[in-house]
Amino acid sequence: MKVDKANYAVVKLIKRKLRYLIIGGGLTLIAIGFNLAVPWVMKIIVDQAIPHQNWSLLLYSLFGLILLPIIATLFDNWGGLHNHKIGGFVTDQLRKGIFYKLLHLPPKIYHNFKTGDIAARIYSCGEIGDLYITQCLIPGIFNSLIFISILVIMFIMSWKLSVTVMILLPAMYYLSTKYLQKSRKLAEEVMDLQTDLNNYSQEFVSGLKTVQTFTQEENEFNYQSNWIDSYRKVRNRTFVIYSFSDLLIEGQRSIGLGILFAFGAYQIFNSEMTVGALIAFTVYFPQLFGALEKIQFAIAKTFEYRPKLKLITEIIELEERNDLPSVAISDCSGSIEFQNVTFSYNEGRGEVSDLNFEIKSGEFLGIVGPSGGGKSTILDLIMRFYDPNKGQIFLDGKDLKTISLHDLRNHISLVSQDTFMWNRSIRENLMYAKRDATEEELIRVCKQAQLYDFIEQLPEGFNTVIGERGIKISGGEKQRLAIARSLLRNPKVLLMDEPTSALDARTEALLQKNLQSIFEGKTAVVVAHRLATVRDADRIIVIENGQVHEMGNHRELMENQSVYYRLFNEQYKTS
Ligand SMILES: Nc1ncnc2c1ncn2[C@@H]1O[C@H](COP(=O)(O)OP(=O)(O)OP(=O)(O)O)[C@@H](O)[C@H]1O
């Protein structure tokens, strides 16, 4: 079997636990030895102890017959424990590998994966380690040893009968592997369909409200039904293939045993073989077939798990950021500069181009402009979720790429449009930003974000659990919670993307009043559609089609009578 990149990753992991493999292997080999001795003892009883009425030999042999399988099982399980540890280790390492990689990948890469797809890959790690390695791969290797050992013993007992077995085996093996190839293809199909189901299930639950809003229940149900039907058909076909190979193996075994008895009897008639040897052969033969079955099973499972393993290693081997050597920054004043910055998500899509502007330390900068112009992209570039295709961004005169990512994000905090909250308590969600925050700090930031009154009314207060993605609190409360969480970090640079879009007019006005104190000593960059949010900003940048269209404070921009003036009048009229 070709060792491809995916298998190589597992081989590398197994190598790290070589001592388990050696100890487990040693113990299993001892178990194999004890097991293989059993038919030989039978031969001694039939050929020597019974004909010569040798009672002491019979007694010792009987002891052997009873004890050998028990001791073999003991060693087998002991060895199995070590193999199990290897499987567990591989599972853990693969899972940790995926989690670590996802935590460190830039969004440009992980946005290409679907949630269900990733969940399926994380689940598959357990199958690879616990099922594949412990129950297929390692037993497959040991059964190859058993297979060879039995053949050697058989040759010692009767080479003629062994040659008969050797002729039978390849023909049987060829037939079975033909079916295994078919099952490999089906396994890949089942895997693809399973991934689709995972993705769909995740989307389905999140989209239930939308389905009901647009009365699409029937269409969605039909879509699911078609999917479930095709999945069942593939599963059925897999079952038929597997059942047929079972039938094939059973048939082969029976025919083989019949031929063995016929030749064995013939050899006994010609005094070329003893009855004891034939009895031993009849015990070894099923063992030989059992070993072959397990080898076949291991090969079949290798085909089944290879695509899963490939999907896992595909994530683990993804390139992380190709950063320049970074420097730590313990303190920063918070000045930011964009120099000839051009960036696009995909070829020519979602572009911001040739951005040149400076944000002074302590300045309150507003960013406004039509939807899709590139405002959020600017914030993401400052956070280094993306890097410019051309040009540079500086923090305190240092290129962002040269600053340690950890330090950069310690000094800069982002309240994004799509705030994510864990299904945990308000306290835990807040303390996500600062693990050692005191009660006083929590209260202070919640007051600043106009959230404290709301928390005080809750029976559980800070300990209220807010549901998945914060579903149990309103959009506006979630937004204020996100602001409070960011403030807890006391960042030098505060980036806010539509921080008041979900607030009612009164709460917005209250928060607005607090902005001066919130922004004190910080550089603040606020993206807003509602121009009132940034009206008091020191400077406002108007972004249109990915470019800086105009810049100035509210009064200057109004005098300009350009895009800002138009937007302001549109809002003024509508309100
Ligand atoms: N992850 C992404 N992949 C590809 N294109 C993207 C991605 N995110 C945004 N875009 C595109 O980039 C452009 C700028 O998006 P951005 O979110 O920066 O605009 P915006 O000015 O903040 O818009 P809005 O005011 O509606 O939030 C848009 O055309 C958008 O479709």
Side-chain angles (χ1 to χ4, degrees), residues 102-115 117-118 199 203 206 318-321 336 338 340-357 359 365-391 393 400 412-420 475-476 478-479 482-483 486 493-503 508 524-535 537 539-551 557 562-571 574-575:
L102 288 173
L103 285 170
H104 292 89
L105 281 175
K108 197 170 186 166
I109 296 179
Y110 63 68
H111 277 171
N112 290 330
F113 292 105
K114 295 179 190 160
T115 324
D117 195 10
I118 292 196
N199 286 330
E203 267 195 327
S206 323
L318 278 172
E319 287 286 324
E320 281 175 46
R321 292 169 181 278
I336 295 168
F338 275 61
N340 310 320
V341 172
T342 295
F343 168 78
S344 68
Y345 291 96
N346 304 309
E347 300 293 300
R349 246 208 86 213
E351 210 166 68
V352 290
S353 53
D354 208 21
L355 296 178
N356 282 293
F357 59 87
I359 311 166
L365 180 88
I367 303 182
V368 301
S371 182
K375 302 181 292 295
S376 305
T377 305
I378 291 176
L379 301 189
D380 281 353
L381 286 169
I382 298 175
M383 284 301 284
R384 272 206 76 202
F385 287 131
Y386 303 95
D387 285 330
N389 301 106
K390 274 193 226 144
I393 304 170
L400 291 192
I412 305 179
S413 210
L414 169 71
V415 181
S416 63
Q417 262 183 45
D418 178 25
T419 48
F420 178 84
K478 207 163 91 171
Q479 209 163 40
I483 294 172
S486 282
V493 180
L494 186 58
L495 310 177
M496 291 180 154
D497 200 348
E498 298 286 356
T500 58
S501 60
L503 302 187
E508 187 188 13
V525 183
V526 180
V527 169
H529 273 295
R530 285 199 223 176
L531 301 185
T533 315
V534 293
R535 191 187 165 133
R539 237 167 0 125
I540 301 166
I541 295 181
V542 182
I543 300 286
E544 197 176 38
N545 297 327
Q547 287 184 317
V548 178
H549 183 80
E550 54 183 338
M551 202 186 298
L557 292 175
S562 184
V563 178
Y564 182 86
Y565 175 81
R566 192 192 73 224
L567 290 171
F568 192 86
N569 280 332
E570 276 167 10
Q571 280 186 19
T574 48
S575 61

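Remember, it's 1-based here, ligands and their atoms both numbered in the order they're listed.
- Residue contacts with ligand 1, taken as heavy atom pairs separated by less than 4.0 Å, do not involve E351 at all.
- Heavy-atom contacts of T377 reach the following atoms of ligand 1: 14 (C), 15 (O), 16 (P), 18 (O) (cutoff under 4.0 Å).
- If you look at E498 next to ligand 1, there are no close heavy atoms at all, none under 4.0 Å.
- Closest to atom 3 (N) of ligand 1 by heavy atom, among F343, Y386, Y345, is Y345.
- Distances from atom 23 (O) of ligand 1 to the heavy atoms of S344, G546, G372 show the closest one on G372.
- Partner of F338 under the side-chain contact (heavy atoms from CB on, under 4.5 Å) criterion, out of N356, D354, I378: I378 alone.
- Close approach of ligand 1 to S371 (heavy-atom distance below 4.0 Å) involves ligand atoms 23 (O), 24 (P), 25 (O), 26 (O).
- Residue I412 forms a side-chain contact (heavy atoms from CB on, under 4.5 Å) with just one option from V525, L494, I382, L379, and that option is I382.
- Not counting sequence neighbours, the partners of R566 by the salt bridge (Lys or Arg N to Asp or Glu O under 4.0 Å) test are E570.
- With hydrogens and angles left out, the side-chain atoms of D497 and S376 include a donor and acceptor closer than 3.5 Å.
- Atoms OG and CG, from S344 and N389 in turn, are 4.5 Å apart once rounded to the nearest 0.5 Å.
- With sequence neighbours excluded, no residue satisfies side-chain hydrogen bond (donor to acceptor under 3.5 Å, both in side chains) with D380.
- The H529 neighbourhood of ligand 1 comprises atoms 24 (P), 25 (O), with distances under 4.0 Å to a heavy atom of that residue.
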